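First the structure, then my questions, so here it is.
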2 protein chains.
Amino acid sequence: MSQLTRVGRESTSSIIARQLRAAIRDGEFEPGAQMGEAELAARFDVSRGTLREALQRLVEEGLLSGERHRGLFVRELSASDVQDVYVTRNAIEQAAARLILHGDRIGVADELAGVYDRMRSAVRRGDQRAVGAADVEFHELLVARSGSHRLMRMARTLLIETRMCIRALQDAYELPEELAAEHGALVGALRNGNEALVLGLIDAHMDDAVRRLTPGRGLHDPLPPLDPEPRAVGS
Amino acid sequence: MSQLTRVGRESTSSIIARQLRAAIRDGEFEPGAQMGEAELAARFDVSRGTLREALQRLVEEGLLSGERHRGLFVRELSASDVQDVYVTRNAIEQAAARLILHGDRIGVADELAGVYDRMRSAVRRGDQRAVGAADVEFHELLVARSGSHRLMRMARTLLIETRMCIRALQDAYELPEELAAEHGALVGALRNGNEALVLGLIDAHMDDAVRRLTPGRGLHDPLPPLDPEPRAVGS
DNA sequence: AATCGTATGATTGTCAACAATCCGAGGGGT
DNA sequence: ACCCCTCGGATTGTTGACAATCATACGATT
């Protein structure tokens, strides 16, 4: 009797929001690009009103921003945004890891090991695209297995922003072997239940990324005083 | 030249979303209450279309949920939701504290001490309402001073959900002295730069809250397998 | 009495048209 | 050449109306 599931379709704006999210993640809309309402509405074959509901969701999520009567644009990530993204990911993923350590850490480690293997083989055959996909999948799975819906929702947005950072800065995993090794170490520490090591590895992973993407800036450096969300990496 | 600020008004749906958020936080809409579009639109003196854009923002935020053709309702928080809220707050506020420890920890400690003083005097005169307000203000300030926009945005929603938990479960800070003491200890540890103590105090603070609100459940207990967001604390 | 079918009112989902605003091109003046 | 003004096209913000769906009450049937 419990295999019976809800039948009702989800809301249209939710579906459109998800598609737009994927498109932004995959770079089909570059940072700074305007989300023209008329064109998008035609593409989805819905009215502008319905489309605007979906866009407002992404605004709330922080993926879009804009000014009144000028339109909505894909957010451009400044250097402090990059740091902010990884600071927040660090918070989310450390919390997820701790939940897993208090739960089924062996089972989760096994699942993560599967993704890790795929990442390693992608590294071996030099498939950058597959490496990136496995990277995202690894972290998404880590948070998903924490069981926390709120952490998952936040991680979803943060991983999109991560991809935006990497793409915008043309970062191509110059040392993919090292990247894979970090993930492998994390799987091992998780399986062994070594909390301090797990948290340290995640912290180091995020710090590495920040230093690679924004030279001269580390994960734990103080963020600018407050206010600056200038809207551009170049401005 | 830098004191010149943007002039353009923010979007209407953003304004309405903020007001609705405050209303939900203050219990003007109880959990489970339906957000009737016609009535709300009339109350704000806007069309239903504009109002729906604001509602969709709150759905994305997780404060509202609903089913197609049935309407949107204020989320009811289950026991695992309560735990989830505090798990996530723990992640956010620990990260904020660590940022502050690497930044202007003295200045922030001074500011927090001000809120702490107000909380203590509210406790002395038995003003439950003021205690709750100071509590929220304390944690909001902590995250704000981290300088991370993303942590702030997440904390905003989480503090609303915190108030919803407390209100729904009629928790009235039975031991307000202890509550104030915990905040005082946090201010001290922050000022001294004792990271391990700061993180431990935040962790204990959240764990206390979970145990008080959901008997028999702790902050670090494993969350249910995944799926259950049943929508009700009572169902 | 209990169940099913039906009508009815209310609410949500969707849309196309109108009003307000912005951007750029072009012209006139200095 | 430079600046200012004006105008037209295009885009966004907002609205009211229509279609689809749901909840409830009521009566018919077994």
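Order of the sequence lines fixes the chain letters, A, B, ..., with proteins taken first and strands second; residue numbering starts at 1 for each chain. Every value quoted in this text rests on a predicted model; they were computed, and no experiment measured them.
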*asked:* Base, sugar-phosphate or nothing for B:Thr12? Non-hydrogen atoms, less than 4.0 Å.
replied: sugar-phosphate

*Between B:Glu37 and A:Arg68, which has a closest nucleotide on DNA chain C that is more 5'?*
B:Glu37

*How long is the line joining CD of B:Glu67 and C1' of C:dT11, in whole Å?*
15 Å

*What integer distance in Å separates B:Arg9:CZ from D:dT14:P?*
7 Å

*Between D:dT15 atom P and B:Ile16 atom CD1, what is the distance in whole Å?*
9 Å

_Can you measure B:Phe73 atom CZ to D:dA23 atom C1' for me and round it to whole angstrom units?_
11 Å

*Please report the C-alpha distance between B:Leu55 and B:Leu64 in whole Å, then the side-chain angles of each, then the deciding distance to 0.1 Å, and finally whether the side chain to side chain contact (heavy atoms under 4.5 Å, CB included) criterion is met.*
CA-CA 8 Å; B:Leu55 291 181; B:Leu64 301 181; 3.7 Å; yes

*Over how many whole Å does the gap from B:Gln34 atom CD to C:dT11 atom C1' extend?*
8 Å

_Go through it in stages, so that I can follow the logic: the residues are B:Phe138 and B:His183, the test is ring-ring contact (aromatic ring centres under 6.0 Å, His included), and I'd like the CA-CA distance, side-chain angles, deciding distance and then a yes or no._
CA-CA 8 Å; B:Phe138 185 96; B:His183 287 85; 4.6 Å; yes

*Mind calculating the distance between NE2 (A:His69) and P (D:dA10) to the nearest angstrom?*
18 Å

_CZ-NE2 distance between A:Arg98 and B:His220, expressed to the nearest 0.5 angstrom_ = 5.5 Å

*B:Ser80 side chain to B:Ser78 side chain, donor-acceptor N/O pair below 3.5 angstrom*: yes

*Residues of residues 46-56 of chain B with any non-hydrogen atom less than 4.0 angstrom from an atom of DNA chain D: list those, numerically ordered, please.*
B:Val46, B:Ser47, B:Arg48, B:Gly49, B:Thr50

*In Å and rounded to the nearest 0.5 Å, what is the OG1 to CG distance from B:Thr214 to B:Leu219?*
9.5 Å

*Does a donor on one side chain and an acceptor on the other come within less than 3.5 Å for B:His149 and A:Asp81?*
no

*Under 4.0 Å: is that the gap between some side-chain N or O of A:Arg70 and OP1 or OP2 of C:dA20?*
no

